[in-house]
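Read through the structure below, which is laid out as structure tokens, and then see the notes.
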Amino acid sequence: MNDLYTLYRQRASVRKFKPEPLREGDLDKILFAAQRAPTDATAQMYSLLRISDPELRRKVSSHSGSNPHIETCAEFFLILADVYRLRRLVEHRGGVFGRWPRTALHFAITDAVLAGSALATMAESLGYGIVWIGGVLNGIREIRALCGLPQGVVPVAGLCVGVPDETPAPRPRLPRGLVVHENQYHDYSPEALEQAYTAMAPITKSGDWYRVLERYFAQGGTMEQREPAYQQLSAQQGFEPDLPPELLEALQEKGLEVGSLGQLIEATFAQGFRSLQFHSKGYVWIEKEPEAYRGEGKPGEALGKALLEAPKERVIP
């Protein structure tokens with residue numbers, strides 16, 4: 001087992017793998033490491049979905065962008081934020097599961113990343129290559145269906161593990177002074193920001209790290225494109241406090257997919273309803289002369305119910 005300091009000095013993501021399985025006993029070791037990761041309040045709000053079926057791997061790969069290594073690595077895992085098992089455990093003993101969707105997603109993602117990182121570090125210490133696959137968010141709804149993920153479970157990332165067929169050089173990282181703060185968060189001067197670009201320049205062929213950031217994070221970039229599907233899926237899986245997932249399923253059947261109360265309001269006006277009234281007594285009216293529809297409950301639930309009351313032809317995707 002490699003010294004950890006040396007491992008981190010040398011580590012880099014691997015995307016080319018030899019067609020070889022893990023050595024006997026090593027799968028158990030990396031899964032053991034994953035389960036020994038820290039977790040909040042002992043809850044272990046994560047799951048690892050090991051995908052060994054070649055056809056399922058191919059389908060997951062096709063929904064993840066250009067990631068052929070999903071199909072060629074020895075082991076591929078979906079790292080899942082998982083509140084479903086915790087709910088089942090509480091209800092099994094007669095408890096009533098609490099309503100804390102945003103907090104649940106926060107800690108479930110944290111648990112999932114900690115477990116995945118422990119798995120990855122153990123794999124690398126055993127001499128294997130690994131690469132995280134953020135591209136599973138490109139087809140997050142399709143992957144949920146393919147893998148039969150129940151309500152309360154969302155993919156966080158994919159993780160490839162295998163015998164490396166390349167030895168890539170470590171990529172640069174930001175200067176420590178831009179990452180490590182002490183006592184209070186400090187802002188960044190123009191000079192410090194330029195220092196970041198200089199440090200990260202070797203990561204691209206062009207020598208301009210901004211091109212990477214722009215492609216992923218600027219307006220119209222990859223992350224913005226992923227946002228609608230992620231909002232809708234996380235809401236449908238129970239992580240949107242204003243919209244019950246059962247209501248979202250009913251709205252989806254009528255051709256309306258939304259991921260937030262704001263999107264639901266926008267969709268209401270887009271369908272020609274010119275008046276939307278929230279009442280303190282716990283109901284909503286939507287009006288389009290000469291028609292009006294009422295829904296009861298909290299604001300998001302009430303609005304959704306009002307839309308369900310409207311004739312089907314009124315609901316437009």
Side-chain angles (χ1 to χ4, degrees), residues 1 4 7-8 11 13 22 25-53 56-57 60 64 70 73-126 128 130-137 140-141 143-162 230-231 233-241 244-246:
M1 186 176 291
L4 274 179
L7 186 154
Y8 278 112
R11 77 151 310 278
S13 295
L22 304 189
D26 282 355
L27 177 60
D28 180 69
K29 291 177 182 177
I30 65 174
L31 292 176
F32 173 82
Q35 289 197 265
R36 296 308 305 165
T39 178
D40 188 72
T42 75
Q44 300 160 75
M45 289 182 279
Y46 73 92
S47 284
L48 306 173
L49 181 60
R50 181 190 179 210
I51 300 182
S52 56
D53 180 350
L56 181 54
R57 279 208 204 182
V60 170
S64 300
I70 290 176
C73 61
E75 297 287 342
F76 176 70
F77 302 93
L78 273 182
I79 311 298
L80 305 172
D82 184 353
V83 183
Y84 175 76
R85 181 178 59 248
L86 182 61
R87 176 189 289 272
R88 290 293 308 276
L89 285 165
V90 170
E91 294 175 346
H92 177 69
R93 288 293 181 91
V96 178
F97 199 66
R99 179 90 175 126
W100 40 287
R102 292 284 173 82
T103 305
L105 187 59
H106 175 92
F107 283 107
I109 290 176
T110 299
D111 277 4
V113 171
L114 287 170
S117 295
L119 188 157
T121 298
M122 175 60 80
E124 290 183 310
S125 76
L126 293 169
Y128 298 111
I130 68 99
V131 62
W132 288 81
I133 309 294
V136 297
L137 265 66
I140 193 169
R141 289 181 292 184
I143 289 172
R144 177 194 63 169
L146 283 169
C147 298
L149 305 183
Q151 190 181 110
V153 179
V154 297
V156 174
L159 183 59
C160 297
V161 179
Y230 187 82
Q231 279 192 9
L233 178 76
S234 59
Q236 290 164 358
Q237 295 298 83
F239 296 109
E240 169 54 52
E246 297 79 9

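Numbers here are sequence positions counted from 1. The structure displayed is predicted, hence computed values, not measured ones.
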Is there a side-chain contact between Cys147 and Ile51 (heavy atoms, below 4.5 Å)?
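Yes, close enough: below the 4.5 Å cut-off.
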
Within the structure provided, determine whether Cys160 and Ile133 are in side-chain contact (heavy-atom separation under 4.5 Å).
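A side-chain contact under 4.5 Å exists here.
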
Distance in Å, [X] [atom1] paired with [Y] [atom2], rounded so as to fall on 0.5 Å steps:
X: Ser64; Y: Ile140; atom1: OG; atom2: CD1; result: 10.5 Å
X: Ile109; Y: Ile79; atom1: CD1; atom2: CD1; result: 13.0 Å
X: Met45; Y: Leu86; atom1: CE; atom2: CG; result: 6.0 Å
X: Leu137; Y: Ile143; atom1: CG; atom2: CD1; result: 8.5 Å

I'd like to check the side chain to side chain contact (heavy atoms under 4.5 Å, CB included) partners of [X]; sequence neighbours left out, ordered by chain and number.
X: Ala104; answer: Val83, Trp100, Phe239
X: Arg50; answer: Leu27, Glu75, Phe77
X: Ala157; answer: Trp132

How would you list, by chain and number, every residue that makes a salt bridge (charged side-chain N to carboxylate O under 4.0 Å, His left out) with Arg11, sequence neighbours excluded?
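Counting only residues at least two positions away or on another chain, Arg11 forms a salt bridge (charged side-chain N to carboxylate O under 4.0 Å, His left out) with Glu124.
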
Among residues at least two apart in sequence or on other chains, which ones pass ring pair (Phe, Tyr, Trp, His ring centres under 6.0 Å) with Tyr230?
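Tyr230 satisfies ring pair (Phe, Tyr, Trp, His ring centres under 6.0 Å) with no other residue.
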
Closest approach of [X] to [Y] (non-hydrogen atoms, all atoms of both residues):
X: Leu80; Y: Pro155; result: CD2-CA, 3.7 Å
X: Val154; Y: Ser234; result: CG1-CA, 4.5 Å
X: Ala123; Y: Ile130; result: CB-CG2, 3.8 Å

Pairs under 3.5 angstrom only: tabulate donor-acceptor contacts from the side chains of residues 28-40 to other protein residues two or more places apart or in another chain.
unit_1, atom_1, unit_2, atom_2, d
Thr39, OG1, Gln44, N, 2.8
Thr39, OG1, Asp111, OD1, 3.4
Thr39, OG1, Asp111, OD2, 2.7

Only pairs at least two apart or in different chains count here, so list each salt bridge (Lys or Arg N to Asp or Glu O under 4.0 Å) that has a residue in residues 91-107.
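Residue pairs with at least one partner in residues 91-107: Arg87-Glu91, Arg102-Glu240.
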
Expected list for residues 112-122: side-chain donor-acceptor pairs under 3.5 angstrom, two or more places apart:
unit_1, atom_1, unit_2, atom_2, d
Ser117, OG, Val113, O, 2.9
Thr121, OG1, Tyr8, OH, 3.1
Thr121, OG1, Ser117, O, 3.0

Side chain to side chain donor-acceptor pair (under 3.5 Å) involving Arg57 - partner list, sequence neighbours excluded
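Residues passing side chain to side chain donor-acceptor pair (under 3.5 Å) with Arg57: none at all.
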
Excluding sequence neighbours, so at least two apart, what forms side chain to side chain donor-acceptor pair (under 3.5 Å) with Tyr128?
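Partners of Tyr128 under the side chain to side chain donor-acceptor pair (under 3.5 Å) test: Asp26.
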
Let me see the working for Ser47 and Val153 under side-chain contact (heavy atoms from CB on, under 4.5 Å), right down to the final yes or no.
CA-CA 9 Å; Ser47 284; Val153 179; 5.9 Å; no

Step-by-step side-chain hydrogen bond (donor to acceptor under 3.5 Å, both in side chains) determination, Arg144 to Gln237:
CA-CA 10 Å; Arg144 177 194 63 169; Gln237 295 298 83; 3.2 Å; yes

Criterion side-chain contact (heavy atoms from CB on, under 4.5 Å) on Glu246 and Gln151, from CA distance to verdict
CA-CA 10 Å; Glu246 297 79 9; Gln151 190 181 110; 4.0 Å; yes

side-chain contact (heavy atoms from CB on, under 4.5 Å) between Phe76 and Val60, worked out:
CA-CA 10 Å; Phe76 176 70; Val60 170; 4.0 Å; yes

